[in-house]
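Both counts, for ligands and for their atoms, begin at 1 and track the order of listing. We're numbering straight along the sequence, starting at 1. These values consider heavy atoms only, across backbone and side chains, with no hydrogens, waters or symmetry-generated copies. These figures come from a predicted structure and were not determined experimentally.
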Amino acid sequence: MPGAIHAEGLVKTFGDVRALDGVDLDVPEGTVLGLLGPNGAGKTTTVRCLTTLLRPDSGKAVVAGVDVLKHPDAVRRSIGLSGQFAAVDEYLTGRENLQMVGQLYQMRAKAAKQRAAELLEQFNLADAADRPAKTYSGGMRRRLDLAAALVVSPPVMFMDEPTTGLDPRNRQQLWEVIKQLVSGGTTLLLTTQYLEEADHLAHDIAVVDHGRVIAQGTSDQLKAQTGGERVEVVVHEREHIADAAALLDRYSLRGLDNGDVTVEEHTRRLTVPVTGGAKLLAEIIRELDTRGIEIDDIGLRRPTLDDVFLSLTGHVAETADPSEANGKEAVK
Ligand SMILES: Nc1ncnc2c1ncn2[C@@H]1O[C@H](COP(=O)(O)OP(=O)(O)OP(=O)(O)O)[C@@H](O)[C@H]1O
Ligand SMILES: [Mg+2]
């Protein structure tokens, strides 16, 4: 059964840039999908196609049970969107912007006013509510754009980099707002550059690169794919490296002859893939001690979402360098 958001083979080209090269997505009702990917991967283009702002060259999309290509107007009535590039009217105040959105959705003036006041409070904009939006800082604008997307609570929401440019406190608060929204039954597709955010909010994560979904699953599933737990040991004396390697090899997951222990001579660091977690760690520490191998450091390391991202896309998430994007940077 298709979920609240379903996309199949979405293709979109701009001149000779193939921004989407067959995107498939499924977001079950009431869940959050985090869309990750390096700059220029096609995240915003995917969101724009799903929210009727852009017509794909081919493919199919169903949002809130409605065919996006056949009935864009009906789709628009069932969705909320907050964009990477805010759609705020500069000359209106924050309050006026929000009231106007309410009126666009045919709320009564009084209800629109009340909703605007609630949101201004919730997004820490009450003090600036009656100033024109053009006097707002970047973070304030972003919050106003998000508030505008939440004036009515539509069954399906899209947020393109909702917390880019927000300080940690405002980011945390937005996460709370998002969790409330989702616990009320809203389905959400969110793009983000912050892997921690996807880890925290998303039930499922899809990694996009070069216009395709290259991996999808829960954060745990993706981490497991990238490689399981490892024990890392730093021995105090260089002479102990060989002994430690032999010992660790016995705990190695794959049980190959010294094949699985990685040794970095100059840092005296040994790494071995394991299963068994903390219990195994305690045992290794005892064994090292029994053999008189002194250590500077030991730890159990699990792959992070950063490791997943790096191994899938070959990019580090935060430092996606425009020059690496082969001139495919988004037009901003
Ligand atoms: N209107 C447009 N005209 C021409 N090319 C475009 C247009 N919109 C997007 N592109 C190209 O399509 C590709 C995908 O862009 P998109 O904005 O979807 O990436 P993104 O994943 O959102 O990146 P970012 O992380 O930088 O926001 C890029 O190569 C971009 O240059
Ligand atoms: Mg984008």
Side-chain donor/acceptor pairs under 3.5 Å, residues 211-225, sequence neighbours excluded:
residue : atom : partner : partner atom : Å
Arg212  : NE   : Asp21   : O            : 3.4
Arg212  : NE   : Asp21   : OD2          : 3.3
Thr218  : OG1  : Gln221  : N            : 3.0
Ser219  : OG   : Asp199  : OD1          : 2.5
Ser219  : OG   : Lys223  : NZ           : 3.4
Gln221  : OE1  : Thr218  : N            : 2.9
Lys223  : NZ   : Asp199  : OD2          : 3.2

Quiz item: Quick one: hydrophobic cluster around Met100, which other residues, with the 4.5 Å side-chain cut-off, linked directly or via members?
Solution: Leu92
Practice problem: Answer yes or no on whether Arg48 is positioned over the face of Phe158, meaning its NZ or CZ is under 6.0 Å from the six-membered ring centre and within 45° of the axis. | Solution: no
Self-check item: Residue pair Val68 / Lys60, side-chain heavy-atom distance below 4.5 Å
Solution: no
Self-check item: 2.8 Å cut-off met by an N, O or S atom of Thr191 to the Mg ion (ligand 2)
Solution: no
Practice problem: Return yes or no for this condition: an N or O of Gly40 is under 3.5 Å from an N or O of ligand 1. | Solution: yes
Exercise. Select one of side chain, backbone, both or neither to describe which atoms of Thr45 lie under 4.0 Å from any atom of ligand 1, heavy atoms only.
Key: both
Quiz item: For ligand 1, which atoms, with element, lie under 4.0 Å from some heavy atom of Ala41?
Solution: 19 (O), 20 (P), 21 (O)
Quiz item: So, Gln193 versus Thr164: side-chain donor-acceptor pair below 3.5 Å or not?
Solution: no
Quiz item: Gly42: heavy atom below 4.0 Å from ligand 1, yes or no?
Solution: yes
Quiz item: For Gln193, is the nearest heavy atom under 4.0 Å from an atom of ligand 1?
Solution: yes
Quiz item: Which ligand 1 atoms, with their elements, are less than 4.0 angstrom from a heavy-atom of Thr44?
Solution: 17 (O), 18 (O), 20 (P), 22 (O), 27 (O)
Quiz prompt | Geometric cation-pi criterion, Lys12 with Phe14: 6.0 Å, 45° | solution = yes
Exercise. Would you mind running through ligand 1 and noting each atom that sits below 4.0 Å from a heavy atom of Glu161?
Key: 25 (O), 27 (O)
